[in-house]
S.K.: 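What follows is a structure written as structure tokens; I'll ask about it next.
FYI, side chains are in, hydrogens and waters are out, and symmetry mates aren't considered; it's all heavy atoms of this structure.
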Amino acid sequence: MEQTQYIEEDEIDLKELFSTIWKNKFKIAFFTFVVTSLTIAYTLSIPNSYSSSTSLVPQTQAKPSLGGLGALAGMAGIDIGSGGSIDAATSLSTILKDHAFEEYMIKKYNLTEKFEAKKENLVFALGYDGIYNMLNSDSDKKEEKNQAEEIFNTYKKITQTISINSDKKSSVITLSAVTQDRFLSKELVDIYLKELTAHLREVEMRDVQKQIDYYKNELDNTVDISIKEQLSQLISGLVQKKVLSLANSLYNVKQFTKPQVAYIKDKTKPKRGLIVVVSFVTSIIIGIFGVFFMEFLRKEEE
């Protein structure tokens with residue numbers, strides 16, 4: 001009898017639970033309505049975001065013929081071929097994250113102002129921008145910020161906007177940008193593709209030129225005929241690499257597809273329907289737990 005009594009005390013009375021929910025159904029419904037309405041208002045206040053991208057293929061250049069000097073150069077830690085140990089995607093991604101490079105881009109292309117979305121280029125759900133205007137009515141009143149803070153804030157926006165991804169199977173590199181201004185997305189892809197590859201060429205060619213200058217100096221100071229011949233071939237290989245780097249407008253990559261301005265209905269985010277559904281379901285669950293908690297407190301008081 002004691003065991004039966006313990007079991008009955010531990011059992012959950014489902015009728016009582018449903019009774020509690022039914023008794024407080026209007027409270028749950030009101031809470032769900034308020035939360036869902038606020039969520040809908042929030043999603044309507046967010047402009048659409050659009051993506052633009054370009055596909056790149058790592059470019060393979062013909063290596064100069066160096067005979068037995070290839071192994072010798074490798075032992076010396078010198079790359080006189082067309083490619084290095086770091087693939088193009090990694091090189092471009094590393095430059096993209098470099099703060100000095102981003103500061104140069106921000107100043108050259110005035111990206112701080114470009115990231116201040118133009119109202120006429122924004123697209124809203126159902127074409128309604130009233131909530132956005134209400135929430136951004138004081139947007140014209142800009143706080144005075146020093147240049148360093150503006151550059152840092154723009155740098156953070158760039159890291160969230162522009163991305164470089166590489167498919168390991170096909171080796172295709174994708175450079176993409178996602179902004180609320182579909183015209184700006186394409187513009188960012190164009191200028192970053194140009195500047196990233198130009199910066200990569202500049203860095204590598206600067207190193208190649210240093211090597212050429214060094215070998216020329218050694219060539220002038222040596223009297224050994226065999227060493228002179230080897231140094232001449234090394235210089236020739238480096239000069240060939242320098243010339244080949246100028247053969248194309250883009251360094252180390254070939255543009256496979258060009259970026260396009262996204263179609264006005266082809267938005268990337270926000271997923272308004274999903275946000276509203278998740279908010280609706282979550283508010284119901286929270287509302288039910290809320291009435292159970294209130295009922296528990298009431299019984300405790302009694």
S.K.: Which donor-acceptor pairs under 3.5 Å do side chains of residues 270-291 form with protein atoms, sequence neighbours excluded?
M.R.:
{"from": "K271", "atom 1": "NZ", "to": "T268", "atom 2": "O", "distance (Å)": "3.4"}
{"from": "R272", "atom 1": "NE", "to": "T43", "atom 2": "O", "distance (Å)": "2.9"}
{"from": "R272", "atom 1": "NH1", "to": "N48", "atom 2": "OD1", "distance (Å)": "2.8"}
{"from": "R272", "atom 1": "NH2", "to": "I46", "atom 2": "O", "distance (Å)": "2.6"}
{"from": "R272", "atom 1": "NH2", "to": "N48", "atom 2": "OD1", "distance (Å)": "2.8"}
{"from": "S279", "atom 1": "OG", "to": "T39", "atom 2": "OG1", "distance (Å)": "2.6"}
{"from": "T282", "atom 1": "OG1", "to": "V278", "atom 2": "O", "distance (Å)": "2.6"}
{"from": "S283", "atom 1": "OG", "to": "S279", "atom 2": "O", "distance (Å)": "3.0"}
{"from": "S283", "atom 1": "OG", "to": "F280", "atom 2": "O", "distance (Å)": "2.7"}

S.K.: Any chance the side chains of E204 and Y251 put a donor and an acceptor closer than 3.5 Å?
M.R.: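 Short answer, yes.
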S.K.: Tell me whether F33 at atom CZ has more than 12 heavy atoms from other residues, nucleotides or ligands lying less than 6.0 Å away.
M.R.: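 Result for CZ/F33: open.
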S.K.: For T154, what residues pass the side chain to side chain contact (heavy atoms under 4.5 Å, CB included) criterion, not counting sequence neighbours?
M.R.: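 Expected list: I106, L111, T112, F115, I158.
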S.K.: Do T174 and I164 make a side-chain contact, defined as non-hydrogen atoms from C-beta onward lying under 4.5 Å apart?
M.R.: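 With C-beta onward as the side chain, the pair stays apart.
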S.K.: I'd like to know whether F292 forms a side-chain contact (heavy atoms from CB on, under 4.5 Å) with I21, so could you lay out the CA-CA distance, the side-chain angles of the two residues, the decisive distance to 0.1 Å, and finally the verdict.
M.R.: CA-CA 8 Å; F292 283 154; I21 295 174; 3.7 Å; yes
S.K.: Write out all pairs satisfying salt bridge (charged side-chain N to carboxylate O under 4.0 Å, His left out) with one or both partners inside residues 18-44, taking only residues at least two apart or from two chains.
M.R.: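 Every pair satisfying salt bridge (charged side-chain N to carboxylate O under 4.0 Å, His left out) with a residue in residues 18-44: K23-E295.
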S.K.: Counting only heavy atoms not in Y42 (residues, nucleotides, ligands), do more than 12 fall under 6.0 Å from its OH?
M.R.: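 Open.
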S.K.: Determine, stepwise, if the pair E218 / N221 fulfils side chain to side chain donor-acceptor pair (under 3.5 Å).
M.R.: CA-CA 5 Å; E218 292 297 318; N221 295 330; 5.2 Å; no
S.K.: Does a side-chain N-to-carboxylate-O contact under 4.0 Å join K216 and D220?
M.R.: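 Salt bridge: no.
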S.K.: Other residues, nucleotides and ligands only: do more than 12 of their heavy atoms fall within 6.0 Å of CZ on F101?
M.R.: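 Count over threshold, so yes.
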S.K.: Under a 4.0 Å threshold between the charged nitrogen and the carboxylate oxygen, would K97 count as salt-bridged to E102?
M.R.: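 No salt bridge links E102 with K97.
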S.K.: Does NZ in K228 sit with more than 12 non-hydrogen atoms of other residues, nucleotides or ligands closer than 6.0 Å?
M.R.: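 Yes, enclosed.
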